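A short write-up of the structure that comes next.
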Amino acid sequence: MFVITNLDQAQKINLADLANRIEPQKVLMCRPTYFEVKDVKNVFMEGNLGKVDFELAQSQWQELVNTFQKLGKEVSIIDAVADLEDMVFAANQALPGLDENNNPYVLLSNMRHPSRRKEVPYYKSWFEERNYRVFTLEDSELLFEGQGDGIWHPAKKMLWGGYGHRTNLKAYEEIAKKLSVPIIALELHTNEFYHLDTCFCVLDPNTVLIYSEAFTTSGLELIHHFFQNVIEVTSDDASQNFACNAHVLDYKTVVIQKGAVSTVNKLLGKGFNVIELDTGEFIKSGGSVFCLKVMIY
Ligand code: ARG
């Protein structure tokens, strides 16, 4: 399998010919027991050192759990570990998927920051205990941050891969081979939008929500090639409200940081249901709804 970086290459792919993928229906999250902003790994963390309101973070997180449960999703909780303050961002340590026989696997991340690499073994054990096959990237030069940068195309075994900050392009060559899936690689060329899930949110097989400034011209061409409906988020909604770090359930209900008025109106206009939640304490660390969980099989 191969990595696609431009429209010419993309035109050789016919989505209809690619294997179908069942969407995961369960959620894995990690309680923010040790959550803090201790250092600056992304621009959102600047000025927020030591500023997390602990109680508020617990209740915002619990509200997200309650929301998933109310929408009929089973939520599992992995134990938080002392000193691993970012372990709460459960999207980043592994990418779950289904192999050709539809057996579940995870590809473990090679995280960029040494402090975050320590989170991965805990997720590895969690998945191993549940009989997931585990893939790893042996070469330590290959960087990859799970569902932060690797986002499955709706209903298909094709991966969208953000690179430039936490994941490198080289990693996708290896990942495409290991997982036997094509990867559409998107360069993230701004300082602010450091994970693909900060600027790209798939909503249904035809629809994606994006912040276009985060992408290069070839990236935008690729996005428009594969999605009929591209909903654009304003700069304020993307940066202040983390609107693209939303998550859709059943291609229907979008759970999103509250206050992204223009994005919410666009989503309602396209027929989606919207649930607005406050994840403000986590935005201080550069994350919101999408990255506080990982969808699992
Ligand atoms: N503080 C964390 C970091 O910089 C936030 C990660 C948020 N995750 C995400 N997928 N956007 O690594």
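No experiment lies behind these values; they were computed from the predicted model shown. Each ligand, and each atom within it, is numbered from 1 in the order the structure gives. Atoms considered below: every heavy atom in the structure, side chains included; atoms not considered: hydrogens, waters and symmetry mates.
For atom 5 (C) of ligand 1, the nearest protein heavy atom (residue, atom name, distance) is S285 O, 3.3 Å. Considering only non-hydrogen protein atoms, atom 10 (N) of ligand 1 sits nearest to D197 OD2, 2.5 Å. When only non-hydrogen protein atoms are considered, atom 12 (O) of ligand 1 lies nearest to R116 NH1, 2.7 Å. The single protein non-hydrogen atom nearest to atom 7 (C) of ligand 1 is Y194 OH, 3.3 Å, given as residue, atom name and distance.
Below 4.0 Å from some heavy atom of D86 lie the following atoms of ligand 1, by number and element: 1 (N), 2 (C), 3 (C). For ligand 1 and C291, the ligand atoms under 4.0 Å from any heavy atom of the residue are 7 (C), 8 (N), 9 (C), 10 (N), 11 (N). Distances below 4.0 Å separate heavy atoms of G148 from the following atoms of ligand 1: 10 (N). Near R166, meaning under 4.0 Å from one of its heavy atoms, ligand 1 places the atoms 3 (C), 4 (O), 12 (O). Annotation for ligand 1: atoms under 4.0 Å from non-hydrogen atoms of G286 are 7 (C), 11 (N).
G286 and F44 make their closest contact through CA-CB, 3.6 Å (heavy atoms, listed as atom of the first residue, atom of the second, distance). Heavy-atom minimum distance, V3 versus A176: CG2-CB, 4.2 Å.
Note on ligand 1: M111 sits outside its first shell, no heavy atom being nearer than 4.0 Å. Using a 4.0 Å cutoff on heavy atoms, A91 does not count as a contact of ligand 1.
You'll find the side chain of D237 stays beyond 4.5 Å of the side chain of F242, heavy atoms only.
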- Query: So M29 and F68, side-chain contact (heavy atoms from CB on, under 4.5 Å) or not? Walk me through it.
  - Reply: CA-CA 11 Å; M29 293 176 64; F68 286 132; 3.9 Å; yes
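Below 3.5 Å of separation, one finds no N or O of K41 facing any N or O of ligand 1.
Few gaps surround CD on Q11; more than 12 heavy atoms of other groups in view lie less than 6.0 Å from it.
Under the 4.5 Å side-chain heavy-atom criterion for grouping Ile, Leu, Val, Met, Phe, Trp and Tyr, F226 is connected to F215 within one hydrophobic cluster. The same ILVMFWY cluster, assembled from side-chain heavy atoms under 4.5 Å apart, contains both V202 and L222. Neither L28 nor V88 shares a network with the other; the hydrophobic side chains, linked directly or stepwise wherever heavy atoms of I, L, V, M, F, W or Y lie under 4.5 Å apart, form separate groups for each.
Within the 4.0 Å heavy-atom criterion, neither part of Q147 lies near ligand 1. Only the side chain of N92 comes within contact range of ligand 1, with a heavy atom under 4.0 Å; no backbone atom does.
Distance check: N42 CG to D86 CG gives 8.5 Å after rounding to the nearest 0.5 Å.
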